[in-house]
Amino acid sequence: MYIYGLFSSENNIIRYVGQTKNTLDKRLNEHIYIALKYNGKTHKDNWIRKVYSDGFSVNIICLEEVNEKNINEREIYWNWIIKEN
């Protein structure tokens with residue numbers, strides 16, 4: 001299980017923190033597919049579409065490998081860390 005961050009190749013600033021039980025590549029592809037193919041309506045989906053329309057790509061990075069007991073707590077922690085910086 002992973003806590004991950006999504007960022008644009010334009011500036012490498014993490015804009016979204018999430019959690020997954022899947023591989024990071026699979027989760028990234030799911031985010032991109034929903035945003036681009038299903039025209040997702042979330043702030044994250046709008047950001048992904050903007051990144052691609054500007055000619056950049058969205059990338060994923062593992063922030064922490066976690067277990068099922070603490071995954072929600074660690075996602076909250078990483079969201080706080082990212083927003084503070």
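All heavy atoms count here, side chains included; hydrogens, waters and symmetry mates do not. Everything numeric here is computed off the predicted structure, so don't read it as measured data.
With respect to the salt-bridge test (charged N to carboxylate O, under 4.0 angstrom), the residues Lys50 and Asp54 qualify.
Taking OG1 from Thr20 and CD1 from Ile3, the interatomic distance works out to 9.5 Å, rounded to the nearest 0.5 Å. Atom OH in Tyr2 sits 13.5 Å away from atom CD1 in Ile61 (nearest 0.5 Å).
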Next item on the list: Please step through side-chain contact (heavy atoms from CB on, under 4.5 Å) for the pair Glu65 and Met1, ending with a clear verdict.
Entry: CA-CA 6 Å; Glu65 192 167 347; Met1 301 176 127; over 6 Å; no
Note to self: I'd like to know whether Asn39 forms a side-chain contact (heavy atoms from CB on, under 4.5 Å) with Lys41, so could you lay out the CA-CA distance, the side-chain angles of the two residues, the decisive distance to 0.1 Å, and finally the verdict.
What the structure shows: CA-CA 6 Å; Asn39 201 26; Lys41 303 296 184 206; 3.2 Å; yes
Notebook entry, point to check: Given Lys26 and Thr23, is the side-chain contact (heavy atoms from CB on, under 4.5 Å) satisfied, shown in steps?
Noted result: CA-CA 5 Å; Lys26 181 175 181 176; Thr23 67; 3.3 Å; yes
Next item on the list: Verify side-chain contact (heavy atoms from CB on, under 4.5 Å) between Arg15 and Lys44, making sure each step is shown before the conclusion.
Entry: CA-CA 8 Å; Arg15 293 283 306 265; Lys44 172 186 43 77; over 6 Å; no
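Only one option out of Asn59, Leu63, Leu6 pairs with Ile14 in a side chain to side chain contact (heavy atoms under 4.5 Å, CB included); it is Leu63. Each of Ile71, Asn67, Val66 was checked for a side chain to side chain contact (heavy atoms under 4.5 Å, CB included) with Lys69, and the lone residue meeting it is Asn67.
The shortest distance between side-chain heavy atoms of Ile48 and His31 falls below 4.5 Å. No side-chain heavy atom of Ile13 sits under 4.5 Å from any side-chain heavy atom of Ser8. A 4.5 Å side-chain heavy-atom check between Arg49 and Leu36 finds at least one atom pair inside the cut-off. With contacts defined as side-chain heavy-atom distances shorter than 4.5 Å, the pair Gln19/Asn72 qualifies. Residues Tyr4 and Trp78 are not in side-chain contact: their nearest non-hydrogen atoms beyond the backbone lie 4.5 Å or more apart. At a threshold of 4.5 Å between non-hydrogen side-chain atoms, the residues Val58 and Phe7 do not count as touching.
Side chain to side chain, Asp45 and Thr42 meet the donor-acceptor criterion of an N or O pair below 3.5 Å.
Pairs of residues two or more places apart, or lying in two chains, that qualify as ring-ring contact (aromatic ring centres under 6.0 Å, His included) and include a residue from residues 38-69 are Tyr33-Tyr38.
Put simply, the side chain of Arg27 never gets that close to the backbone of Asn22: no donor and acceptor are under 3.5 Å apart.
Both Ile82 and Tyr77 belong to a single network of hydrophobic side chains, linked directly or stepwise wherever heavy atoms of I, L, V, M, F, W or Y lie under 4.5 Å apart. A continuous path of ILVMFWY side-chain contacts below 4.5 Å connects Val51 to Leu24, so both sit in one hydrophobic cluster.
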